[in-house]
Amino acid sequence: MAAKKAGAKSRNPELIRGIGKYSRSKMYHKRGIWAIKAKHGGSLPRHEPKAAPPKPAAKPPKFYPADDVKTPIPNHRKPKPTKLRPSITPGTVLILLAGRFMGKRVVFLKQLPSGLLLVTGPFKINGVPLRRVNQAYVIGTSTKIDISGVDVEKFDDKYFTKEKKKKTKKSENEFFDARIEETKALPQEKKDDQKAVDTQLIKAIELVPDLKAYLGARFSLRAGMKPHELVF
Amino acid sequence: MVKGRQGERVRLYVRGTILGYKRSKSNQYENTSLIQIEGVNTKEEVAWYCGKRMAYIYKAKIKSDGTRYRCIWGKVTRSHGNSGVVRAKFKSNLPPKSMV
């Protein structure tokens, strides 16, 4: 059958699923097939089939596997980054709940393509560097900072991957020396990136009274605090 | 736990008391424990805690994985009764010595 144009509606309204209002002969009349036939001298116009491009001659394969080889089903799924909670927007102060910096209040910068959140202390205020954090281990507070002055475009997941260690042949003496060298100092460019992001942030933070001290302090539950009643 | 930095004690967990196992008068079901969470006194308040994870932490004489502390993980499953007690299921059942 010829392809339908997009938006072409059926002229046969459905009475019930599968049953149309008009019979075949009525539909023939409605669609105007009689008029098309009359215009073209008694039969519907036919088009010559498009010449198919000549297929290259396939050579018979040299090798047939003994058992049937199963072809894997192609997977076209592209994973999206995890959905951000509506309370977490760029510039929100977050409370970290686990890990080395648990309890620290930290500024959220952006969500990376892997779904992790990019976060910074700022380092001068509470010692938390540019870091990735999982959304599940975070409480979003209602405190927001204006981070429009900060350029976070250059940070992505590759920035945070560990350097691959080169395999060196170990002899008895070299083994101990190599271990001491393992602890690398942070490369200067990462320190500069940290400074560049933080100077902008600290300017915005100092505008708000007490915010600097707030970010420097850690969150902790104390006697009488009930988490189900706390409003963050 | 000892860490190599100045220990600023941050408590991000809520304490609880283990009351016993789910039970009727003369039968008990050890796969579910009853926990009293501090500060929770009605069954409406329990809704916030449903699904949250719990850990029963205890000490042992022998060091395993570098520490003498051991842990059984679990979750809050549902409320129990009207007064904020909670039912919880742990990875392995809680030992009877955990109930005071």
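On a predicted model such as this, the values are computed, not experimentally measured, just so you know. Each chain gets a letter, A, B and so on, in the order the sequences are listed, and its residues count up from 1. As a basis for the values below, the full set of heavy atoms in this structure was taken, side chains included, without hydrogen atoms, waters or symmetry mates.
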Under 4.5 Å from any heavy atom of chain A - which part of Y49(B): side chain
What part of V46(B) gets within 4.5 angstrom of chain A, counting heavy atoms only: side chain, backbone, both, or neither? neither
May I ask you to check whether over 12 heavy atoms, not counting those of [X], lie within 6.0 Å of atom [atom1]?
| X | atom1 | result |
| --- | --- | --- |
| K212(A) | NZ | no |
| Y159(A) | OH | yes |
| K190(A) | NZ | yes |
| E153(A) | CD | no |
| D65(B) | CG | no |
| K75(B) | NZ | no |

Taking the side chain as C-beta and beyond, is there a heavy-atom pair between E229(A) and E45(B) under 4.5 Å? yes
Side chains of L221(A) and L12(B) in contact at under 4.5 Å (non-hydrogen atoms): no
Drop me the distance from [X]'s [atom1] to [Y]'s [atom2], to the nearest 0.5 angstrom.
| X | Y | atom1 | atom2 | value |
| --- | --- | --- | --- | --- |
| H228(A) | I37(B) | NE2 | CD1 | 9.0 Å |
| E38(B) | M225(A) | CD | CE | 13.5 Å |
| Y13(B) | L97(A) | OH | CG | 14.0 Å |

For I139(A), which atoms come within 4.5 Å of any heavy atom of chain B: side chain, backbone, both, or neither? neither
What's the shortest heavy-atom distance between S220(A) and R9(B), and which atoms? OG-O, 4.1 Å
